[in-house]
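On a predicted model such as this, the values are computed, not experimentally measured, just so you know.
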Amino acid sequence: MLVGHHEAYWIVVVERFSAYGLLGFLLSFLLPGRFRLACMLVLSVAIGLEVLQALTPDRDPALVDVLQKAAGGTVGVLLAQTILAFLPRSPS
């Protein structure tokens with residue numbers, strides 16, 4: 001909190017969703033054709049960070065946060081996989 005102003009809750013949700021969407025998008029381009037692995041990595045990071053928040057006294061982990069992050073990551077992976085499906089493949 002800066003100067004006593006609170007962020008609106010929807011801003012926090014959009015921030016979480018978009019950050020993990022970007023993570024999923026980049027992981028999907030890093031691992032083309034491995035949809036399940038990219039999704040599992042995004043989910044592992046989201047769950048792992050929430051579990052680590054339980055170890056810190058000033059943070060509070062929540063299942064809703066995990067769901068928001070997982071949804072954003074999955075959408076990012078799906079978007080990247082869709083883009084990759086339409087890109088021409090190099091003959092190798």
On a heavy-atom basis, the closest approach of R16 and Q68 is NH1-OE1, 2.8 Å

May I ask whether V66 and V64 are part of the same hydrophobic cluster, defined by side-chain heavy atoms of I, L, V, M, F, W, Y residues being less than 4.5 angstrom apart, directly or through others? no

To the nearest 0.5 Å, atom CZ of F25 lies from atom CD of Q81 at 10.5 Å

The reported gap from CG in L87 to OG1 in T82 (rounded to nearest 0.5 angstrom) is 11.0 Å

The reported gap from CG in L52 to CZ in R59 (rounded to nearest 0.5 angstrom) is 10.5 Å

Query raised in the report: Is L37 linked to L23 within one hydrophobic cluster, defined over Ile, Leu, Val, Met, Phe, Trp and Tyr using a side-chain heavy-atom separation of less than 4.5 Å?
Result: yes

Exercise. Are L31 and L41 side-chain neighbours, meaning at least one heavy-atom pair lies under 4.5 Å?
Worked result: yes

In this structure, CZ of F35 is separated from CG of L84 (nearest 0.5 Å) by 12.5 Å

Decide yes or no on side-chain contact (heavy atoms from CB on, under 4.5 Å) for V45 and Y20, but give the supporting numbers first. CA-CA 9 Å; V45 169; Y20 278 82; 4.0 Å; yes

Minimal heavy-atom distance between D60 and Q53, with the atoms involved, is O-OE1, 3.6 Å

Start with the C-alpha distance between V14 and I11, add both sets of side-chain angles, then the distance that settles side-chain contact (heavy atoms from CB on, under 4.5 Å), and finish with yes or no. CA-CA 5 Å; V14 169; I11 293 175; 5.9 Å; no

Note: G24 and V42 closest approach over all heavy atoms is CA-CG2, 3.6 Å

Closest non-hydrogen atoms of A62 and E50, given as atom of the first, atom of the second and distance, are N-OE1, 3.1 Å

Closest non-hydrogen contact found for F17 with A71 is CE1-C, 3.6 Å

So NZ of K69 and CG of L49: to nearest 0.5 Å the spacing works out to 6.0 Å

Output for pair (L43 CG, T74 OG1), nearest 0.5 Å, gives 5.0 Å

Shortest non-hydrogen pair, V77 vs C39, comes out as CG1-SG, 3.9 Å

